[in-house]
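Here's the structure we're looking at; comments come further down.
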Amino acid sequence: MVVDARPSHDRRSAVSLFARLRTAEGQADPFPYYARLRAMGPVTPAPWGNVLVTGFDLCDQVLRSRDWLEPDKRWRDQQGAGTRWNAPSSQEMSNTLPALNPPEHTRIRRAAGTFGRKTLERIGRTVGRTTDRLLLSLTEQLRDGPADFVATVSEELPVATIGDWLGVPAADWPRLRELTHEQVFTQELLPTASQLARSDAATAELRAYFMDLVRRRREQPGDDPVSLWIHTFDTLEPDRERADESVYFLALFVLLAALETTSTLLSTMALRLLEQPLRWDLLAADPTLVPAFVEETLRHDPPTHVISRVAAHDTVVGDVEVAKDDMVHLMVGAAHRDPARHPDPDRFDPERARSDHLAFSNGIHYCLGAPLARLEAQTLLHHMISRLPRLTLAQRPTWEPRVAFRRLSNLDVALA
């Protein structure tokens, strides 16, 4: 139970704000509504009975603290059979790395390995070649008029990058991308029944695909991560079926993490670049600003706007008491615009002295794929300003109807 020190009108205000966040206007620009949430205090009651955290420092503290846990399988089972947490897709996600807590999280993260220097160098060559190919395709389309940057570039680069690394056939990439878009609904803040049904179906198909991939790699191992993980888990799990399932959960996590959020980062980065012509000039004159431009994109409008945690024991967040196993929602999209952390936070400024953010989470759950996402974003941005003719927006983009996971539906661009 949450001991709510806030007046009931705050909860009613939050209900109204979240209703507006679900409109087309709220999807296109949620930040005025986040500002109104922050004005209610860094910790406010959620309309459905949990707690919302909008202050940057408090979000950072929760992510770093061992007093807060992922909503893992134990927690989800306790929520009851009729809740969204016990949907088949949610139960499946409870076995993946982001939903594990120590000591299991520690064991699986060590088995997964990291994107070290040599791995990133090898992947970087693929990213460079793929980026050139995609931008050439975009340029050819632009000769006939506007083209969709999302469909042509930012949706294609992540799936080609991770698909090549995992050794997944290129013919399978389009379907895996579609399934990822469907699966992510189970990770949304308040998914509808129909969204959960779509996520359940997508998750079942992804399980079948990757379990078959694991079976084939066991029969014919190669020089790829899946084959390496099979060898690793064979030393950790005496039961071969459990070992294969562990490899499947790791491959599923890598695919989901590498596609959805990275695609959104690339799309949003391109939008920030094109909506103000002076930004293109700035980067063209000083390409060393490219990494800072990527970080400011992650701060200004991160791919993930909400991260949820549950209390490991009775505790306090801000001035609100939270009971063991109760949930808090860290409104990262709002926290990134906290003026106490970033002066003039609504202004996009790649030369900002301090552009720290929580786009990759923090603490023990800091995103395993952060170096890869940065590599793709920086490579794409470098190639855009050096190899493309000047681009402009053909029309304002539209966004998918989501709250937790941002996604541009389209980004139509034209030659300037």
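Values below: all heavy atoms of this structure, side chains included; hydrogens, waters and symmetry mates excluded.
- With a 4.5 Å cut-off on side-chain heavy atoms, Trp85 and Met93 do not count as touching.
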Distance-only check: which donor-acceptor pairs under 3.5 Å involve side-chain atoms of residues 244-255, not counting sequence neighbours?
| from | atom 1 | to | atom 2 | distance (Å) |
| --- | --- | --- | --- | --- |
| Asp244 | OD1 | Arg218 | NE | 3.0 |
| Asp244 | OD1 | Arg218 | NH2 | 2.6 |
| Asp244 | OD2 | Arg218 | NE | 3.4 |
| Glu245 | OE2 | Arg207 | NH1 | 3.3 |
| Glu245 | OE2 | Arg207 | NH2 | 2.7 |
| Ser246 | OG | Arg242 | O | 3.0 |
| Tyr248 | OH | Glu92 | OE2 | 2.6 |

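- Side-chain contact of Asp412 with Gln395: a donor-acceptor pair under 3.5 Å is present, judged by distance alone.
- Taken from CG in Leu58 to CG in Asp60, the straight-line distance is 9.5 Å, to the nearest 0.5 Å.
- Atom CG of Leu228 and atom CZ of Arg217 lie 12.0 Å apart (nearest 0.5 Å).
- Smallest separation of non-hydrogen atoms from Pro169 and Tyr209: CD-OH, 3.7 Å.
- One distance of note links CZ of Arg198 with CG of Asp200; it measures 12.0 Å at 0.5 Å rounding.
- Shown here is Arg66, whose CZ atom has no more than 12 heavy atoms of other residues, nucleotides or ligands within 6.0 Å.
- Using a 4.5 Å heavy-atom cutoff, the side chains of Leu388 and His383 are not in contact.
- Considering only residues two or more places apart in sequence or on other chains, Glu104 meets the salt bridge (charged side-chain N to carboxylate O under 4.0 Å, His left out) condition with Arg107.
- Side-chain contact check for Trp48 and His329: at least one donor-acceptor pair (N or O, by modelled atom type) lies under 3.5 Å.
- In the model, Ser355 has a side-chain atom that pairs as donor or acceptor with a side-chain atom of Glu296 under 3.5 Å.
- Counting only heavy atoms from C-beta outward, the side chains of Leu391 and Leu142 approach each other to under 4.5 Å.
- You'll find the side chain of Met269 reaches within 4.5 Å of the side chain of Val294, heavy atoms only.
- Expressed to the nearest 0.5 Å, how far CG of Leu213 lies from CG of Asp172 amounts to 9.0 Å.
- Using cut-offs of 30° and 60° for the angle between ring planes, the His336 and Phe56 rings count as tilted.
- Scanning both residues, Thr131 and Thr379, for their nearest heavy atoms gives OG1-CG2, 3.9 Å.
- Closest approach of Trp399 and Ala28 over heavy atoms only: CD1-CA, 3.5 Å.
- The cationic group of Arg215 does not satisfy the cation-pi geometry with Phe210, failing either the under 6.0 Å distance to the six-membered ring centre or the 45° limit from the ring axis.
- Side chains of Asp148 and Asn410: no donor on one and acceptor on the other come within 3.5 Å.
- Side chain to side chain, Glu155 and His181 meet the donor-acceptor criterion of an N or O pair below 3.5 Å.
- Between the side chain of Arg109 and the backbone N or O of Ile364 there is at least one donor-acceptor pair closer than 3.5 Å.
- With hydrogens and angles left out, the side-chain atoms of Ser227 and Asp224 include a donor and acceptor closer than 3.5 Å.
- Heavy-atom minimum distance, Pro345 versus His300: O-CD2, 4.1 Å.
- Donor-acceptor pairing under 3.5 Å is lacking for the side chains of Asn86 and Gln79.
- Of all non-hydrogen atoms in Ala160 and Arg133, the two that sit nearest each other are CB-NH2, 4.4 Å.
- Listed by chain and residue number, Asp212 satisfy the salt bridge (charged side-chain N to carboxylate O under 4.0 Å, His left out) test with Arg216 (two or more places apart in sequence, or in another chain).
- Donor-acceptor pairing under 3.5 Å is recorded for the side chains of His342 and Asp356.
- No side-chain donor-acceptor contact under 3.5 Å links Asp301 and Thr268.
- Under a cut-off of 6.0 angstrom, the local environment of CD in Gln220 is sparse, with at most 12 non-hydrogen atoms contributed by other residues, nucleotides or ligands.
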Test side chain to side chain contact (heavy atoms under 4.5 Å, CB included) applied to Ile162 and Leu259, step by step: CA-CA 8 Å; Ile162 204 67; Leu259 296 196; 3.6 Å; yes
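- Using bins of under 30°, 30° to 60° and over 60° for the plane-to-plane angle, the ring pair Trp229/Trp165 lands in the perpendicular bin.
- In summary, the side chains of Ser89 and Thr203 do not present any donor paired with an acceptor at a separation below 3.5 Å, with no hydrogens or angles considered.
- Residues satisfying the ring-ring contact (aromatic ring centres under 6.0 Å, His included) criterion with Tyr34, sequence neighbours excluded, are Phe31, His305.
- Distance check, rounded to the nearest 0.5 Å: CD of Glu376 to OG1 of Thr130 gives 9.0 Å.
- For Glu275, the side-chain hydrogen bond (donor to acceptor under 3.5 Å, both in side chains) criterion is met by Arg272, Arg279, not counting sequence neighbours.
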Derivation of the salt bridge (Lys or Arg N to Asp or Glu O under 4.0 Å) call for Arg354 and Asp349: CA-CA 10 Å; Arg354 184 182 191 181; Asp349 180 11; over 6 Å; no
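- Taking the six-membered ring for Trp and the full ring otherwise, His105 and His365 have centroids separated by under 6.0 Å.
- Taking a 6.0 Å sphere around CG of Asp344, one finds it holds more than 12 heavy atoms contributed by other residues, nucleotides or ligands.
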Audit row: Glu70, Arg309, salt bridge (Lys or Arg N to Asp or Glu O under 4.0 Å) steps and yes/no: CA-CA 5 Å; Glu70 284 284 349; Arg309 293 288 187 268; 2.8 Å; yes
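- Listed by chain and number, the residues in a ring-ring contact (aromatic ring centres under 6.0 Å, His included) with Phe233 amount to none (sequence neighbours excluded).
- Taken from OG in Ser267 to CG in Leu408, the straight-line distance is 5.0 Å, to the nearest 0.5 Å.
- By the 4.0 Å N-to-carboxylate-O rule, Glu121 lies too far from Lys118 to be salt-bridged with it.
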Working for salt bridge (Lys or Arg N to Asp or Glu O under 4.0 Å), residues Arg299 and Glu295: CA-CA 6 Å; Arg299 181 203 69 84; Glu295 298 308 307; over 6 Å; no
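- Taking every heavy atom of both residues into account, Leu120 and Pro371 meet most closely at CD1-CB, 3.7 Å.
- Crowding of Glu25 atom CD: a count of heavy atoms from other residues, nucleotides or ligands under 6.0 Å not exceeding 12.
- Taking the side chain as every heavy atom from C-beta outward, Met331 and Arg38 never approach each other to under 4.5 Å.
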Ser90 vs Arg76, side-chain hydrogen bond (donor to acceptor under 3.5 Å, both in side chains): CA-CA, chis, key distance, verdict: CA-CA 8 Å; Ser90 178; Arg76 296 180 196 216; 2.9 Å; yes
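- No side-chain N or O of Ser94 forms a donor-acceptor pair with one of Asp72 less than 3.5 Å apart.
- Around NE2 of His231, the count of heavy atoms belonging to other residues, nucleotides or ligands within 6.0 Å does not exceed 12.
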Stepwise salt bridge (Lys or Arg N to Asp or Glu O under 4.0 Å) test for Arg406 and Glu400: CA-CA 7 Å; Arg406 298 278 275 167; Glu400 292 290 320; over 6 Å; no
